[in-house]
Undergrad: 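Before I ask anything, here is the structure I am working with.
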Number of protein chains: 2
Amino acid sequence: MSQGNLISIPFVFEQPCPIRDVLDRIGDQWSLLILEVLEHGTMRFSEIERAIADISKQMLAKTLRRLEEDGFIRRTLYPQVPPRVEYELTELGRSFLVPLKNLIAWANENHQAICEARSDYGVKNGGR
Amino acid sequence: MSQGNLISIPFVFEQPCPIRDVLDRIGDQWSLLILEVLEHGTMRFSEIERAIADISKQMLAKTLRRLEEDGFIRRTLYPQVPPRVEYELTELGRSFLVPLKNLIAWANENHQAICEARSDYGVKNGGR
DNA sequence: GTGATCAGGTCTATTAACTAGACCAGAGGG
DNA sequence: CCCTCTGGTCTAGTTAATAGACCTGATCAC
């Protein structure tokens with residue numbers, strides 16, 4: 001609170017900033033995964049559910065709604081019984097695939113290194 | 001479970017796959033943000049805390065430990081009183097900055113479009 | 001000497017988020 | 001007549017995150 005011991009920090013990520021705003025949305029357990037899955041084309045709810053496997057219906061529905069709300073995907077409901085709902089990437093969503101695929105490529109390339117880091121850490125802190 | 005109605009899905013993201021493994025770790029509220037903050041150099045615990053502002057101490061400590069465990073960052077403890085602890089990116093962490101900065105650049109470029117999508121969605125589904 | 005202060009956490013209690021699983025509509029098939 | 005199909009929603013129980021008190025122990029003001 002006092003001024004004397006303030007360390008100068010030129011960047012502060014408060015909530016109303018673009019980076020925070022976007023990262024807070026896509027930075028969750030499922031969003032990136034769903035977008036990656038939808039790269040392969042238009043898919044139905046149950047197809048996405050099967051592709052990700054361990055997502056719960058509720059989280060899938062919620063995450064899809066949020067992605068739709070943010071303009072990443074488009075939801076099309078065919079009023080049949082049983083209902084048919086299809087999800088596909090919008091232009092915005094497709095443009096997001098570019099940085100996303102970079103990220104995924106990095107993940108594939110460096111997964112090994114991460115695993116090694118984990119086991120090294122485990123050795124160093126083995127006891128507990 | 002029966003075979004008849006299986007829609008062919010050539011890609012299934014089960015947990016033990018590199019993409020899932022990496023995304024499950026960095027795909028949370030704080031990891032990406034912390035890594036981005038640390039781009040600016042070695043920082044102390046309280047500096048990071050101040051830079052992100054609305055992170056709780058517990059989550060910061062936990063996320064830092066996980067990032068350290070995965071080899072993204074290095075933690076250096078100077079045994080003084082009061083304690084001094086510094087965090088910095090490792091080689092691996094720095095290499096991750098490349099895809100991360102792509103992501104952030106995308107976020108900056110498209111933040112406007114996302115906001116517009118949100119308000120459009122709000123109009124369309126205004127009642128509820 | 002007494003007490004406040006510092007950094008970097010941890011501990012606890014409250015609150016929010018997520019999960020699993022039941023349930024629903026309503027047309028078509030056996 | 002009952003069962004099945006899809007895309008969800010609802011409820012109950014579990015897990016995770018948050019806010020805030022607390023801890024250490026050397027240093028400094030009083």
Side-chain angles (χ1 to χ4, degrees), chain A residues 1-7 9 14-15 20 23-31 33-34 37-38 42-69 73-88 125 128, chain B residues 1-7 9 15 20 23-34 37-38 42-69 73-88 125 128:
Chain A
M1 291 306 166
S2 66
Q3 293 179 313
N5 55 355
L6 253 189
I7 300 167
I9 298 173
E14 290 158 348
Q15 223 300 325
R20 284 299 304 271
L23 288 188
D24 280 355
R25 294 287 185 128
I26 60 163
D28 66 5
Q29 193 76 206
W30 305 116
S31 295
L33 227 40
I34 290 174
V37 163
L38 283 175
T42 299
M43 292 182 75
R44 303 181 60 168
F45 186 91
S46 53
E47 288 180 291
I48 304 173
E49 195 176 8
R50 216 154 12 211
I52 297 183
D54 57 343
I55 192 173
S56 67
K57 276 165 172 277
Q58 199 174 58
M59 278 314 290
L60 180 53
K62 193 175 188 172
T63 310
L64 284 170
R65 217 175 310 122
R66 244 180 18 202
L67 289 174
E68 187 199 357
E69 188 180 336
I73 63 178
R74 182 166 21 252
R75 178 182 185 272
T76 314
L77 164 68
Y78 298 89
Q80 312 168 349
V81 172
R84 175 182 192 83
V85 180
E86 291 189 344
Y87 293 92
E88 61 184 324
N125 308 62
R128 41 205 332 271
Chain B
M1 288 305 169
S2 65
Q3 292 178 313
N5 56 354
L6 252 190
I7 299 167
I9 299 173
Q15 223 299 324
R20 285 298 305 270
L23 288 188
D24 280 355
R25 294 287 187 128
I26 59 164
D28 67 6
Q29 191 77 205
W30 306 114
S31 294
L32 293 179
L33 226 41
I34 291 175
V37 164
L38 283 175
T42 299
M43 292 181 75
R44 304 181 61 166
F45 185 91
S46 53
E47 287 179 291
I48 304 173
E49 195 177 8
R50 215 154 12 211
I52 297 184
D54 57 345
I55 191 173
S56 66
K57 275 165 173 280
Q58 200 175 55
M59 279 312 292
L60 180 54
K62 193 175 188 174
T63 309
L64 283 171
R65 218 176 309 122
R66 244 179 20 202
L67 289 174
E68 187 199 0
E69 188 180 337
I73 63 178
R74 183 168 20 252
R75 177 180 186 274
T76 312
L77 164 68
Y78 299 89
Q80 312 168 349
V81 173
R84 175 184 192 81
V85 181
E86 291 188 344
Y87 294 92
E88 61 184 323
N125 309 62
R128 39 199 334 272

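Labels below follow one simple rule: chain letters A, B, ... track the order of the sequence lines, proteins then strands, and each chain is numbered from 1. None of these values were measured; they are calculated from a predicted model.
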Undergrad: Of all of residues 56-66 of chain A, which get a heavy atom below 4.0 angstrom from DNA chain D, listed by number?
TA: A:K57, A:Q58, A:A61, A:R65
Undergrad: Once you round it to whole Å, what is the distance between C1' of C:dA7 and CD of B:E86?
TA: 12 Å
Undergrad: Between C:dC6 atom C1' and B:Q80 atom CD, what is the distance in whole Å?
TA: 12 Å
Undergrad: Polar pairs (N or O, both sides) under 3.5 Å between protein and nucleotides 25-29 of chain C?
TA:
none

Undergrad: Could you tell me the separation between the OH atom of A:Y87 and the CD atom of A:E68, rounded to the nearest 0.5 Å?
TA: 7.0 Å
Undergrad: Nearest 0.5 Å, what's the CD1-OG1 distance between B:I52 and B:T63?
TA: 8.5 Å
Undergrad: Any salt bridge between B:D28 and B:K62, counting N to O under 4.0 Å?
TA: no
Undergrad: What is the separation between atom OH on A:Y78 and atom C1' on D:dG8, rounded to the nearest whole Å?
TA: 18 Å
Undergrad: I need the CG-C1' distance between A:D28 and C:dC18, as an integer number of Å.
TA: 12 Å
Undergrad: Just how far is it from atom CD of B:E49 to atom CE of B:M59, taken to the nearest 0.5 Å?
TA: 13.0 Å
Undergrad: Would you indicate, yes or no, if D:dG7 has its OP1 or OP2 atom less than 4.0 angstrom from a side-chain nitrogen or oxygen of A:R44?
TA: yes
Undergrad: So, is B:R50 close to the C:dG8 phosphate, meaning a side-chain N or O under 4.0 Å from OP1 or OP2?
TA: no
Undergrad: Atom CZ of A:R84 and atom C1' of D:dG8: how far apart are they, to the nearest Å?
TA: 16 Å
Undergrad: Go through the structure and list residues passing side chain to side chain donor-acceptor pair (under 3.5 Å) with A:R65, not counting sequence neighbours.
TA: none
Undergrad: Could you pull out all residues at least two apart from B:E86 that satisfy side chain to side chain contact (heavy atoms under 4.5 Å, CB included)?
TA: B:T42, B:R44, B:Y78, B:R84
Undergrad: Look at A:S46 and D:dT6 and indicate whether a side-chain polar atom (N or O) is within less than 4.0 Å of OP1 or OP2.
TA: no
Undergrad: Taking the side chain as C-beta and beyond, is there a heavy-atom pair between B:S31 and B:R66 under 4.5 Å?
TA: yes
Undergrad: Can you tell me how far P of C:dG9 sits from CD of B:E47, to the nearest Å?
TA: 13 Å
Undergrad: Are any of the side-chain heavy atoms of B:L64 and B:I48 separated by less than 4.5 Å?
TA: yes
Undergrad: B:Q29 has an atom CD; how far is it from atom C1' of C:dC18, in whole Å?
TA: 14 Å
Undergrad: Could you pull out all residues at least two apart from A:R74 that satisfy salt bridge (charged side-chain N to carboxylate O under 4.0 Å, His left out)?
TA: A:E88
Undergrad: Would you indicate, yes or no, if C:dA7 has its OP1 or OP2 atom less than 4.0 angstrom from a side-chain nitrogen or oxygen of B:Y87?
TA: no
Undergrad: CZ of B:F45 versus C1' of C:dA7: gap in Å, rounded?
TA: 9 Å
